[in-house]
**Student:** 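Take a look at the following structure, please.
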Amino acid sequence: MLFNSFAFLFGYLPIVLAGYFLLDRWGSSANWRQAPAVWLALASLFFYAWWDVRYLPLLLASICLNYGAGRLIGASAGAARKRTLLAALALNLGLLAYYKYANFFIDSVNAIASGAGAASLPLSGLAIILPIGISFFTFTQIAFLVDCYRGEVREYRFIHYLLFVSYFPHLIAGPVLHHRDMMPQFADPANAHPRAANFAIGLSIFTIGLAKKVLIADNLSPLAMPVFAAGATPTLIEAWIGVLAYTFQLYFDFSGYSDLAIGLSRLFGVKLPLNFNSPYKAANIADFWRRWHMTLSRFLRDYLYIPLGGSRHGEAMRYRNLMLTMLLGGLWHGAGWTFVIWGGLHGLYLVLQQAWQRFFGAARARWWPGWWSTFLTFLAVMLAWIFFRAPDVATAWDIAGALVGANGVSLPRGLASHAASLAQWGLHPAFDGIRWIELAGPGLPVLLGAMLLAFRAPNTQEIFFLYAPAIERIFQPIGRWALSWRPTRRWSVSFAALFVACIFGMNRVTEFLYFQF
């Protein structure tokens with residue numbers, strides 16, 4: 001069930017909201033006080049089972065085992081405490097490795113054996129279907145276990161833990177939740193009371209997220225898909241259009257999901273952590289990772305980079321830890337060499353940025369304009385997205401080469417009348433370019449609009465900054481584009497019209513790109 005589907009909007013969500021608030025109204029006695037949380041947990045499990053009921057037992061087993069391990073860690077001391085933690089971590093990582101990386105390992109071994117001319121039969125692949133959301137609920141629970149070991153967990157009620165892990169607004173594609181942020185909110189009975197402010201803010205943010213997905217990201221997909229198809233060999237203009245289209249498709253797809261999750265959760269009186277903060281406005285690659293998938297970045301920092309040593313043992317070890325963190329972050333996103341290269345590129349970017357900052361940071365401010373840093377950061381991120389999206393490494397290199405003309409330069413057929421003029425300058429391009437792009441469709445205008453919005457417009461958190469939509473507070477910048485949402489008739493009519501436009505645009509149901517991770 002997708003957030004951008006009629007079944008969710010007009011079936012699942014109204015029923016879950018009605019049950020949640022009715023149980024709060026009827027549950028004034030001590031025996032019924034947990035009824036809204038129980039209802040929401042059961043609704044979240046139903047939401048997960050809708051995708052593939054075969055993996056509901058896996059999710060429940062993971063929740064029960066990790067909850068039990070957390071209680072055991074909290075009650076243990078000394079070496080037994082550490083052994084329990086290591087065993088629980090091994091179980092979680094082993095589960096993730098089996099479902100997500102077993103076939104990647106087998107394919108890699110077969111490729112190496114084939115290259116070495118081995119005569120033995122290749123290993124057979126496993127018939128594994130990746131459980132949706134496994135990366136998110138595994139990382140969420142790993143953080144819980146580590147914090148139990150550190151003595152930072154104070155709330156152990158099972159129903160709140162079950163809801164913390166399975167909470168449907170975040171379960172499939174994030175954000176990665178932290179127990180200290182969420183479990184106190186689930187335990188607060190005041191959050192189960194319906195409030196007009198929560199509905200106004202939640203529905204407005206939800207509508208913005210839906211518009212980002214339906215009206216922007218989905219209209220950019222037809223520009224990107226043909227260019228990234230295996231064997232497509234795009235020419236220069238096609239490659240640039242396709243790569244830019246995917247760069248902004250992913251941006252608005254993930255930004256849209258983040259807004260949808262925050263808006264949905266606010267309907268239930270619960271705030272989620274911020275996960276997206278205009279990353280293409282970043283001034284450098286470190287700033288990009290403070291803005292893109294913010295909860296994953298914090299997880300990698302707190303539970304991988306810092307335990308590896310962080311920056312405590314000199315510059316060389318710091319650079320090593322950055323590379324290892326980003327390589328593993330790349331593998332988290334997908335089991336393939338393209339994701340390893342993507343993570344490696346971002347690790348290299350971070351190392352170069354840190355080295356540049358160390359040696360030239362003070363001087364740069366005097367002669368390096370700020371917009372140039374943002375442009376270079378965006379260009380580096382865009383080039384890395386090629387490997388993130390491409391089906392294989394060969395296709396990624398072909399597209400990267402096409403960006404600099406390695407596959408030739410072909411102009412649109414409509415410019416064939418200018419062939420003679422171009423010939424006078426010694427230019428003889430082919431006129432068979434833009435082979436897969438319908439120039440009369442919405443794709444190119446949407447791409448231009450998406451670029452303007454991403455670089456110049458305030459983001460959702462800035463528009464709603466007066467009402468603190470997420471756990472973190474993002475303040476509204478002062479400037480020409482400054483907008484501040486308020487519960488007025490004008491804003492209500494505008495969002496109602498935007499919601500209707502989204503409904504008419506939902507002629508096809510498309511998954512969110514981060515669902516595959």
**Student:** May I ask you to check whether Phe276 and Tyr251 place their ring centers less than 6.0 Å from one another?
**Tutor:** yes
**Student:** Considering all heavy atoms of both residues, which atom of Gly74 and which atom of Tyr156 are nearest to each other, and what is their separation?
**Tutor:** CA-OH, 4.0 Å
**Student:** With side chains defined as the heavy atoms from C-beta onward, is the minimum distance between Asp259 and Ser255 less than 4.5 Å?
**Tutor:**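 In contact.
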**Student:** With the side chain counted from C-beta on, respond yes when Thr140 and Phe299 share a heavy-atom pair under 4.5 Å apart, and no when they do not.
**Tutor:**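 Side chain of Thr140 against side chain of Phe299, heavy atoms only: no contact under 4.5 Å found.
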**Student:** Run Ile129 and Arg54 through side-chain contact (heavy atoms from CB on, under 4.5 Å) and show every step you take.
**Tutor:** CA-CA 10 Å; Ile129 300 175; Arg54 293 174 297 174; 3.3 Å; yes
**Student:** What class does the angle between the rings of Phe288 and Trp292 fall in, given that below 30° is parallel, 30 to 60° is tilted and above 60° is perpendicular?
**Tutor:** parallel
**Student:** May I ask you to decide if the ring planes of Tyr246 and Phe388 are parallel, tilted or perpendicular, using 30° and 60° as cut-offs?
**Tutor:** tilted
**Student:** Indicate, with yes or no, if the rings of Phe378 and Phe455 have centres closer together than 6.0 Å.
**Tutor:**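 Between Phe455 and Phe378, which both carry aromatic rings, the centre distance is below 6.0 Å.
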**Student:** Step through it carefully: locate the ring centre of Phe3, locate the ring centre of Tyr257, and say whether they are under 6.0 Å apart.
**Tutor:**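 Yes; Tyr257 has its ring centre under 6.0 Å from that of Phe3.
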**Student:** Kindly indicate whether the side chain of Phe512, heavy atoms from C-beta on, has any atom under 4.5 Å from the side chain of Ile172.
**Tutor:** no
**Student:** How would you list, by chain and number, every residue that makes a side-chain contact (heavy atoms from CB on, under 4.5 Å) with Ile63, sequence neighbours excluded?
**Tutor:** Leu59, Gln141, Phe158, Tyr161, Leu162, Val165, Ser166
**Student:** Taking the six-membered ring for Trp, is the centroid-to-centroid distance between Trp332 and Phe136 below 6.0 Å?
**Tutor:**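 Yes: the rings meet the under 6.0 Å criterion.
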**Student:** Would you confirm whether Gln185, through its side chain, and Lys271, through its main-chain N or O, come within 3.5 Å as a donor-acceptor pair?
**Tutor:**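 Such a contact is found between Gln185 side chain and Lys271 backbone.
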**Student:** Would you say the side-chain atoms of Lys100 pair up with the backbone N or O of Pro131, donor to acceptor, closer than 3.5 Å?
**Tutor:**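 Pair absent, no side-chain N/O of Lys100 close to backbone of Pro131.
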**Student:** Under 3.5 Å, is there a donor-acceptor pair between the Tyr167 and Ser265 side chains?
**Tutor:** yes
**Student:** Report yes if some heavy atom in the side chain of Leu223 is under 4.5 Å from a heavy atom in the side chain of Leu244; otherwise report no.
**Tutor:**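 The answer is no; the side chains never approach within 4.5 Å.
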**Student:** Output the distance between atom NE2 (His178) and atom CZ (Phe144), rounded to the nearest 0.5 Å.
**Tutor:**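 It is 10.5 Å, given to the nearest 0.5 Å.
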**Student:** Hey, is the main chain of Thr138 close enough, under 3.5 Å, to the side chain of Asn92 for a donor-acceptor pair?
**Tutor:** no
**Student:** Are any non-hydrogen side-chain atoms of Ile132 and Leu171 less than 4.5 angstrom apart?
**Tutor:**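 No; the side chains remain at least 4.5 Å from each other.
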**Student:** For residues 78-85, run the donor-acceptor check on the side chains, cut-off 3.5 Å, and write out each pair with its distance to 0.1 Å, sequence neighbours left out.
**Tutor:**
unit_1: Arg81; atom_1: NE; unit_2: Tyr149; atom_2: O; d: 3.1
unit_1: Arg81; atom_1: NH1; unit_2: Ile73; atom_2: O; d: 2.8
unit_1: Arg81; atom_1: NH1; unit_2: Ser76; atom_2: O; d: 3.0
unit_1: Arg81; atom_1: NH2; unit_2: Cys148; atom_2: O; d: 2.8
unit_1: Arg81; atom_1: NH2; unit_2: Tyr149; atom_2: O; d: 2.9
unit_1: Thr84; atom_1: OG1; unit_2: Ala80; atom_2: O; d: 2.8

**Student:** Kindly state whether the ring of Phe248 and the ring of Tyr280 have centres lying under 6.0 angstrom apart.
**Tutor:** yes
**Student:** Which atom pair, heavy atoms only, marks the closest approach of Ala390 to Thr338?
**Tutor:**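 Nearest pair, atom of Ala390 first, then Thr338: O-CG2, 3.8 Å.
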**Student:** Might you point out which heavy atoms bring Arg266 and Ile201 nearest each other, and give the distance in Å?
**Tutor:** NH2-CD1, 3.5 Å
**Student:** Is the ring pair Phe8/Phe47 parallel, tilted or perpendicular, if the boundaries are 30 and 60 degrees?
**Tutor:**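 It falls in the perpendicular class, over 60°.
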**Student:** Of all heavy-atom pairs between Ile262 and Ala470, which one has the smallest distance, and what is that distance?
**Tutor:**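 That would be CD1-CB, 4.2 Å.
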**Student:** Are Val243 and Trp240 packed together at the side-chain level, in the sense that at least one heavy-atom pair is separated by less than 4.5 angstrom?
**Tutor:**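 Answer no - side chains too far apart.
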**Student:** Heavy-atom count check: over 12 atoms from other residues, nucleotides or ligands less than 6.0 Å from Trp397 CH2?
**Tutor:** no
**Student:** May I ask you to decide if Ala394's main-chain N or O and Asp398's side chain share a donor-acceptor pair within less than 3.5 Å?
**Tutor:** no
**Student:** Check the pair Tyr319, Met323 against side-chain contact (heavy atoms from CB on, under 4.5 Å), reporting the backbone distance first and the verdict last.
**Tutor:** CA-CA 6 Å; Tyr319 299 154; Met323 284 297 300; 5.8 Å; no
**Student:** Working to the nearest 0.5 angstrom, can you tell me the gap between Leu145 CG and His179 NE2?
**Tutor:** 10.0 Å
**Student:** Name the orientation class of the two ring planes belonging to Tyr55 and Tyr99 (parallel below 30°, tilted from 30 to 60°, perpendicular beyond 60°).
**Tutor:**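 Because their plane-to-plane angle is over 60°, the rings of Tyr55 and Tyr99 count as perpendicular.
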**Student:** Do Val381 and His346 touch side chain to side chain, with heavy atoms closer than 4.5 Å?
**Tutor:** yes
**Student:** Is there a side-chain contact between Phe339 and Leu331 in this structure, where contact means two heavy atoms from C-beta onward sitting under 4.5 Å apart?
**Tutor:** no
**Student:** Would you say Trp385 has more than 12 foreign heavy atoms packed within less than 6.0 Å of its CH2?
**Tutor:** yes
**Student:** Charged N to carboxylate O below 4.0 Å: is that the case for Arg298 and Glu472?
**Tutor:**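 Between Glu472 and Arg298 there is a salt bridge, with a charged N closer than 4.0 Å to a carboxylate O.
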**Student:** Can any side-chain N or O of Asn275 pair as donor or acceptor with the backbone N or O of Met294 at less than 3.5 Å?
**Tutor:**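 Such a contact is found between Asn275 side chain and Met294 backbone.
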**Student:** Hey, what do you get for CG (Asn4) to NZ (Lys212), rounding to the nearest 0.5 Å?
**Tutor:**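 Asn4 CG to Lys212 NZ: 14.5 Å, rounded to 0.5 Å.
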**Student:** How close do Val227 and Ile399 get, heavy atom to heavy atom, and via which atoms?
**Tutor:** O-CD1, 3.5 Å
**Student:** Any side-chain to backbone donor/acceptor pair from Ser62 onto Leu58? Under 3.5 Å, distance only.
**Tutor:** no
**Student:** Could you go step by step and tell me if Leu403 and Leu383 meet the side-chain contact (heavy atoms from CB on, under 4.5 Å) rule?
**Tutor:** CA-CA 10 Å; Leu403 293 178; Leu383 293 175; 3.7 Å; yes
**Student:** Is the ring pair His293/His333 parallel, tilted or perpendicular, if the boundaries are 30 and 60 degrees?
**Tutor:** perpendicular
**Student:** Does any donor atom in the side chain of Asn284 or Ser373 lie under 3.5 Å from an acceptor atom in the other side chain?
**Tutor:** no
**Student:** For the residue pair Pro169 and Leu272, what are the closest heavy atoms and their distance?
**Tutor:** CB-CD1, 4.3 Å
**Student:** What distance do Ser221 atom OG and Ile216 atom CD1 have between them, rounded to the nearest 0.5 Å?
**Tutor:**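 The CD1 atom of Ile216 is 14.0 Å from OG of Ser221, to the nearest 0.5 Å.
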**Student:** Can you tell me how far CG of Leu324 sits from CG of Leu304, rounded to the nearest 0.5 angstrom?
**Tutor:**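 Here the interatomic distance stands at 7.5 Å.
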**Student:** Step by step, would you call Tyr303 with Asp147 a side-chain contact (heavy atoms from CB on, under 4.5 Å)?
**Tutor:** CA-CA 10 Å; Tyr303 299 99; Asp147 288 347; 3.0 Å; yes
**Student:** At what distance, to the nearest 0.5 angstrom, does CD1 of Ile285 lie from CH2 of Trp289?
**Tutor:**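 Answer rounded to 0.5 Å: 8.0 Å.
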